[in-house]
Structures are given as structure tokens and as C-alpha cells.
Amino acid sequence: MTNITLFSSANVPAFARNNELSDTAKALTGGSVSNSAKRISIKGGVFRLLAGGKEVAAIDDRHLEVVIVKAAPKLSRIFYAAAYDAENIVPPDCWSNDGERPDASAENKQSETCMSCPKNIAGSGQGNSRACRFQQRLAVVPANNIAGDVMQLTLPATSIFGKEEGDKRALQAYARYLAVQNPPVNPEQIVTEMRFDTKAESPKLFFKPVRWLTDEEYEVIKAQGETDEAKRAVVMTVAQSDGVRANAPKMVLAGVRPMGELTKEEDAPAYEPIAAKAKAKAKPVVDADDEPEVRKDAAKPSAVPAKKGKLADIVSDWDDE
């Protein structure tokens with residue numbers, strides 16, 4: 001029995017179901033455990049497990065099978081005024097959970113609304129990019145332990161948007177592909193493979209379906225999607241992005257290798273330094289392969305793929321590379 005199975009909710013004895021950290025636990029973890037939610041990071045093109053703000057394991061494989069149990073209803077946004085400095089990790093200047101207005105707790109709001117923000121104009125970031133970046137937050141569980149811990153996965157724009165490349169689809173294209181099946185397929189009803197794009201310079205994921213869940217598995221996943229952990233996983237907080245460090249217990253997962261102390265740049269925010277002068281009055285530019293511009297005249301997302309077919313038939317034609 002692996003550690004992650006041993007401590008899954010299904011195996012917790014009655015006396016431990018309402019546990020809080022004891023004085024002994026606090027002493028051994030250095031006094032406190034902050035930001036204790038478990039997360040999956042894709043920093044450096046590697047799937048990494050974080051607990052309590054520290055990296056505790058990394059997966060050698062280039063792919064990972066999960067079940068998506070919940071997703072933030074809207075894309076979030078995040079902005080840093082300064083370039084990333086590994087020696088001085090700072091919180092974001094401005095961010096939004098709904099992509100429409102800055103969060104009330106943001107200390108350096110750039111605009112009253114995301115639509116009117118000068119950091120949301122092509123060219124305000126490096127090259128023709130935008131200084132304020134899109135993110136998608138998901139709550140996922142490992143396919144080989146669906147009753148285990150719900151983990152947060154934060155995806156950058158490169159893994160959210162983009163054209164299909166054969167059976168390689170970014171998240172939104174993948175969701176549209178599932179939606180046009182007959183009958184339509186919901187992401188929480190199937191096992192999804194996440195695979196790194198080995199041609200991309202920065203971490204980028206493609207998604208594809210692997211198999212239907214069994215009836216029993218689907219009941220578990222529905223319950224997982226209603227847990228507090230799943231609800232918290234799809235909401236952004238500063239502690240998840242500002243490099244906060246906390247001690248965490250050592251964990252070993254099936255098929256993963258333990259890691260030592262995480263580097264200072266661990267889980268660095270996915271953003272690009274802003275240009276010396278933001279082009280606040282520049283005309284918005286929309287690229288079909290880029291993230292959508294938050295403007296009234298923005299181009300609509302790419303059309304839903306016309307091709308339809310039974311998901312099981314298509315999956316059977318794919319290899320398991």
C-alpha cells in the first residue's frame with residue numbers, strides 16, 4: 001500500500017476523521033503548515049506535487065492521467081509589474097478570479113475592470129503579448145486513486161488556448177471536442193491524459209481522453225467535486241502565487257520519485273516582463289493561436305469542431321505512447 005493510498009479518506013480510522021494538527025505535529029513541521037492544499041505544478045516541463053508550499057515529489061513520465069472533478073467557472077488573470085527575481089519573490093500586483101474585475105484584496109489594481117485595463121492590450125507585455133496573463137484553475141485527482149486527495153492544477157494560457165494539432169488539444173479545444181460527441185461527454189466522466197508538448201519552449205500541456213469511468217468511479221468523482229478541497233482548488237489566493245514557503249510532511253506516491261528542497265523559483269508565476277512603456281492606446285490584436293483579448297471587439301473563440309463520432313471508437317484508434 002502506497003502512502004497516498006494509506007492516508008486516503010477511505011482508510012482514515014474513526015478517531016482521526018476530525019483531526020487537527022497536534023502540538024507534536026506542529027513541532028515536527030517547524031511550528032505551522034501554511035498553504036497546506038496539495039497542488040500539481042508543471043514548472044520546468046515536469047509534473048510536480050506540492051504540499052504545504054513545498055515540492056515533495058516529481059513524476060518522471062511526460063504524461064499524467066487524472067480526472068477533472070471541478071473547474072473555475074471563469075478564467076482568472078494575474079499581473080506582475082516587475083520581472084521575476086528568484087531572490088525576491090513578491091506577490092502579484094493585481095489579479096482577478098473572474099477575469100472581469102480585480103480582486104478586492106489586490107494591493108495595486110491596474111484598472112477598475114479587466115476590459116479597460118492597459119495591461120490587457122497586446123504589446124503591454126514582452127513582444128506582442130499582454131502583461132496580464134490568463135490562467136485556468138482545475139481540481140483534479142489521480143486516475144489511479146480517485147478517492148484520494150483533490151489537487152489544484154493551474155494552467156497557463158499556452159495550455160488553455162490554441163489550435164488542434166491532430167489529437168493534440170489544448171484545454172478549451174479538448175472540452176469542445178468532448179462536447180460535440182453523441183452523446184456529449186463531460187470531463188468529470190472520463191479519465192484524461194495530460195501530456196507535455198515537447199516542442200514548446202515553456203511548459204505546455206495537451207489533453208486527450210483515455211477511458212470512461214465506471215459507474216462506481218463516477219459516484220466517487222461526483223462526491224469529490226463537492227468537497228471543500230475541490231471548491232478551494234478553483235479559487236486563486238495570493239498565497240498560491242507569491243512563493244510562500246511552509247514545511248510539509250514527506251510524501252511518496254506510486255510511480256514518482258522523492259525530491260529534495262525546492263528551488264527558490266519553484267512555482268514561479270507564468271508571466272512575461274512588461275515592456276518599458278505599456279502601449280495603453282494600442283489597437284488590440286487577436287491571434288487565433290493566442291489567448292482571447294478581453295475587449296468588446298475581441299474575436300470569438302474558434303468554432304466547435306465539426307467532426308463527430310463515438311468517443312470510444314476514437315480512443316480505440318489511439319496508441320498508448
Side-chain angles (χ1 to χ4, degrees), residues 39-43 45-48 59 62-78 96-99 129-130 132-143 150-181 184-211 213 221 225 230 233-236 240 267 269-271 286-294 298-305 307 311 314-315 318:
R39 294 186 282 149
I40 296 176
S41 167
I42 59 173
K43 182 182 73 72
V46 175
F47 292 111
R48 306 172 190 274
I59 299 174
R62 302 296 294 170
H63 68 278
L64 179 65
E65 293 184 357
V66 299
V67 180
I68 300 171
V69 302
K70 199 174 187 66
K74 296 184 179 181
L75 295 177
S76 58
R77 304 208 62 162
I78 189 167
S96 170
N97 265 302
D98 61 11
S129 69
R130 285 176 282 275
C132 186
R133 309 299 291 173
F134 281 107
Q135 294 183 335
Q136 174 71 65
R137 286 179 150 66
L138 303 176
V140 303
V141 293
V150 176
M151 292 178 277
Q152 182 189 73
L153 174 64
T154 301
L155 298 174
T158 52
S159 296
I160 304 170
F161 311 107
K163 294 180 180 178
E164 297 183 25
E165 301 176 27
D167 66 351
K168 296 178 179 179
R169 299 177 176 88
L171 183 65
Q172 287 194 351
Y174 174 60
R176 290 194 297 268
Y177 169 72
L178 297 179
V180 298
Q181 302 306 311
V185 179
N186 296 314
E188 61 270 30
Q189 296 175 324
I190 59 174
V191 171
T192 293
E193 179 193 275
M194 307 187 299
R195 182 178 292 272
F196 282 106
D197 179 2
T198 56
K199 298 179 181 179
E201 294 183 359
S202 58
K204 175 183 177 181
L205 295 178
F206 289 126
F207 301 81
K208 77 174 185 180
V210 177
R211 66 172 177 85
L213 297 178
I221 290 301
V234 299
V235 177
M236 176 184 173
Q240 295 166 347
D267 210 27
Y271 73 96
V286 178
D287 189 317
D289 293 323
D290 194 14
E291 59 195 67
E293 185 73 49
V294 182
K300 295 182 179 179
S302 57
V304 174
K307 181 178 179 180
L311 183 66
I314 297 173
V315 171
W318 287 335

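When reading the values below, keep in mind they use all heavy atoms of this one structure, side chains included, and skip hydrogens, waters and symmetry mates.
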Within the side chain of [X], is there an N or O that forms a donor-acceptor pair under 3.5 Å with the backbone of [Y]?
X    : Y    : result
E188 : K70  : no
R77  : C132 : yes
R169 : A175 : no

query: A179: what forms a side-chain contact (heavy atoms from CB on, under 4.5 Å) with it, not counting sequence neighbours?
result: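 None.
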As an exercise, state the distance from [atom1] of [X] to [atom2] of [Y], rounded to the nearest 0.5 Å.
X    : Y    : atom1 : atom2 : value
L205 : T192 : CG    : OG1   : 11.5 Å
E164 : Y177 : CD    : OH    : 8.5 Å
N97  : I78  : CG    : CD1   : 10.0 Å
K204 : T198 : NZ    : OG1   : 10.5 Å
L155 : L171 : CG    : CG    : 6.0 Å
K43  : R48  : NZ    : CZ    : 4.0 Å

message: Whether the Q135 and R133 side chains hold a donor-acceptor pair (N or O, under 3.5 Å, no angle test) is what I'd like checked.
response: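 On atom types as modelled, these side chains do not qualify, holding no pair under 3.5 Å.
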field: Derivation and outcome, side chain to side chain contact (heavy atoms under 4.5 Å, CB included), residues I40 and L64
entry: CA-CA 11 Å; I40 296 176; L64 179 65; 4.1 Å; yes
Parallel, tilted or perpendicular: ring planes of F134 versus F161, cut at 30 and 60 degrees: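 Rings of F134 and F161: perpendicular, over 60°.
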Do you know which two heavy atoms are closest between [X] and [Y], and how far apart they sit?
X    : Y    : answer
P203 : S159 : O-OG, 4.2 Å
T154 : Q152 : OG1-OE1, 3.7 Å
P209 : I190 : CB-CD1, 3.8 Å

message: Looking only at the aromatic ring of each residue, does the gap between the centers of F47 and F196 stay below 6.0 angstrom?
response: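 That pair passes the under 6.0 Å test.
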